[in-house]
Amino acid sequence: MSKILTNRFFNRPTLTVARELLGKFLVVRRGKKEIALMVTEVEAYDGHYDKASHAHRGETARNKVMFGGSGVWYVYFVYGMYNMLNIVTGREGFPAAILIRGVEGVVGPGRLTKKLKITRAVNGKEASRKTGLWFEDRGIQIKKADIVRTPRVGVHYAGPVWAKKPYRFIIKSHQ
DNA sequence: ACGATGATGAAC
DNA sequence: TTCATCATCGTA
């Protein structure tokens with residue numbers, strides 16, 4: 001039995017959602033087929049005060065969906081090559097999102113979007129069946145003891161404090 | 001260790 | 001309008 005995750009799930013503290021997103025399934029529909037892969041690695045970007053977050057310098061054309069309601073995709077293009085897939089969390093007006101860094105069999109945020117053909121076309125759209133890209137709870141529970149937390153990757157610019165925050169969550173058996 | 005490759009945002 | 005930077009990855 002599987003349940004589609006909605007605003008109800010994402011409209012909570014970002015770190016809580018990040019931890020609970022491990023073990024859930026990212027589902028992408030292509031034609032008649034649905035591909036479901038378990039989420040194994042994520043990173044939280046939490047609030048305008050988070051110096052590693054795009055939202056730290058205020059709202060811009062790129063990051064505006066982070067400031068909106070939760071349960072919405074935030075996809076941006078970086079390094080001239082890669083789309084990064086995020087899901088917006090927290091209440092409207094509070095800029096936060098979770099970067100999906102890895103799913104079963106695909107490690108790395110750039111590889112993930114490339115392999116699943118996820119582009120900025122879904123930016124600002126709801127994570128739902130209608131969009132063709134969503135999350136499901138398929139009953140798998142990841143125990144706290146089976147989760148590793150580390151600093152986030154590639155955020156040296158955030159300064160010593162924020163670069164070291166343990167906002168990256170990985171399923172131990174997938175690290 | 002480094003280059004690919006282009007959008008972004010801040011400075012000018 | 002220019003310019004440094006970038007929530008990365010493949011090749012070496």
Side-chain angles (χ1 to χ4, degrees), chain A residues 5 9-10 12-24 26 28 35 37-90 93-127 131 133-135 147-172 174-175:
Chain A
L5 302 183
F9 179 86
F10 297 105
R12 295 183 296 152
T14 310
L15 294 176
T16 304
V17 178
R19 178 161 42 79
E20 292 188 15
L21 208 47
L22 295 178
K24 301 298 189 292
L26 177 68
V28 54
I35 303 165
L37 297 164
M38 190 176 73
V39 177
T40 58
E41 178 181 344
V42 298
E43 271 177 10
Y45 290 83
D46 192 28
H48 62 279
Y49 43 76
D50 180 351
K51 290 189 178 170
S53 173
H54 289 167
H56 180 241
R57 291 166 194 277
E59 188 172 334
T60 66
R62 178 177 65 165
N63 68 21
K64 73 174 188 179
V65 332
M66 288 186 83
F67 289 76
S70 55
V72 170
W73 297 115
Y74 170 45
V75 184
Y76 65 91
F77 189 65
V78 76
Y79 295 120
M81 260 180 256
Y82 301 105
N83 289 305
M84 300 283 111
L85 178 68
N86 299 251
I87 187 75
V88 176
T89 59
F94 181 81
I98 296 165
L99 172 66
I100 313 304
R101 293 192 55 90
V103 296
E104 213 174 355
V106 194
V107 178
R111 293 182 186 132
L112 186 146
T113 52
K114 190 175 177 195
K115 187 150 207 170
L116 298 178
K117 301 194 197 307
I118 295 166
T119 69
R120 280 164 291 178
V122 294
N123 185 49
K125 297 196 175 160
E126 204 181 331
T131 313
L133 188 64
W134 66 95
F135 287 109
I147 295 173
V148 188
R149 295 183 63 171
T150 80
R152 292 169 290 186
V153 177
V155 296
H156 55 282
Y157 57 83
V161 174
W162 286 95
K164 284 177 188 158
K165 295 267 186 194
Y167 282 7
R168 180 181 178 215
F169 299 77
I170 317 164
I171 297 179
K172 221 172 219 175
H174 289 262
Q175 80 181 125

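Note that this is a predicted model, so its numbers are computed, not measured.
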**Q** Kindly give the heavy-atom pair with the smallest separation between A/S53 and A/G47, and that separation in Å.
**A** CB-O, 4.0 Å
**Q** Round to a whole Å and report the spacing from CE of A/M66 to C1' of B/dG9.
**A** 16 Å
**Q** Can you list, in residue-number order, the parts of residues 37-59 of chain A that come under 4.0 Å of DNA chain C, counting heavy atoms only?
**A**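 Hits under 4.0 Å, by residue number: A/Y45, A/A52, A/H54.
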**Q** Is it true that a side-chain atom of A/E104 and a backbone atom of A/M38 form a donor plus acceptor pair closer than 3.5 Å?
**A**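 Yes; judged by distance alone, with no hydrogens or angles, the pair exists.
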**Q** Dot-bracket for DNA chain C, please. Rules: Watson-Crick or G-U, both distances under 3.5 Å, ( ) within the strand, [ ] when a pair crosses earlier ones, | for another strand, . otherwise.
**A** ||||||.||||.
**Q** Is there a residue in residues 77-85 of chain A whose heavy atoms reach under 4.0 Å of DNA chain B, and which residues are they?
**A** A/F77, A/Y79, A/G80, A/M81
**Q** Checking salt bridge (charged side-chain N to carboxylate O under 4.0 Å, His left out) against A/E41, which of A/R101, A/R149, A/R19 comes through?
**A** A/R101
**Q** Checking side-chain contact (heavy atoms from CB on, under 4.5 Å) for the pair A/N123/A/Y74: CA distance, chi angles, key distance, verdict?
**A** CA-CA 5 Å; A/N123 185 49; A/Y74 170 45; 3.6 Å; yes
**Q** What is the distance, to the nearest angstrom, from the CZ atom on A/R62 to the C1' atom on C/dT5?
**A**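 Checked: the CZ to C1' distance equals 10 Å.
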**Q** Would you mind reading off the distance between A/K114 atom NZ and C/dG10 atom P, rounded to a whole angstrom?
**A** 7 Å
**Q** Could you walk me through whether A/V148 and A/F169 satisfy the side-chain contact (heavy atoms from CB on, under 4.5 Å) test, starting with their C-alpha distance in whole Å, then the side-chain angles of each, then the deciding distance to 0.1 Å, before giving a yes or no?
**A** CA-CA 6 Å; A/V148 188; A/F169 299 77; over 6 Å; no
**Q** Go through A/L99 and A/R152 one step at a time and tell me if the side-chain contact (heavy atoms from CB on, under 4.5 Å) criterion holds.
**A** CA-CA 10 Å; A/L99 172 66; A/R152 292 169 290 186; over 6 Å; no
**Q** In whole angstrom, give the distance that lies between atom CZ of A/R101 and atom C1' of C/dT8.
**A** 9 Å
**Q** Closest nucleotide of DNA chain C for A/R111 versus for A/Y74: which of these residues is on the 5' side?
**A** A/Y74
**Q** Can a side-chain donor-acceptor contact be found between A/T113 and A/N83 if the only test is distance below 3.5 angstrom?
**A**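 Not at all, the side chains of A/N83 and A/T113 share no donor-acceptor pair under 3.5 Å.
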**Q** Expressed as a whole number of angstroms, how long is the span from A/L99:CG to C/dC6:P?
**A** 16 Å
**Q** Side chains of A/W73 and A/I118, heavy atoms from C-beta outward: is any pair under 4.5 Å?
**A**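 They are not in contact (no side-chain heavy atoms under 4.5 Å apart), so the answer is no.
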**Q** Is the number of heavy atoms from other residues, nucleotides or ligands within 6.0 Å of NE2 (A/H48) greater than 12?
**A**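 Check fails, neighbour count at 12 or below.
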**Q** Name the orientation class of the two ring planes belonging to A/Y167 and A/W162 (parallel below 30°, tilted from 30 to 60°, perpendicular beyond 60°).
**A**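 A/Y167 vs A/W162 ring planes: perpendicular.
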**Q** Test A/L21 against A/F10 for side-chain contact (heavy atoms from CB on, under 4.5 Å), laying out the working first.
**A** CA-CA 9 Å; A/L21 208 47; A/F10 297 105; 4.1 Å; yes
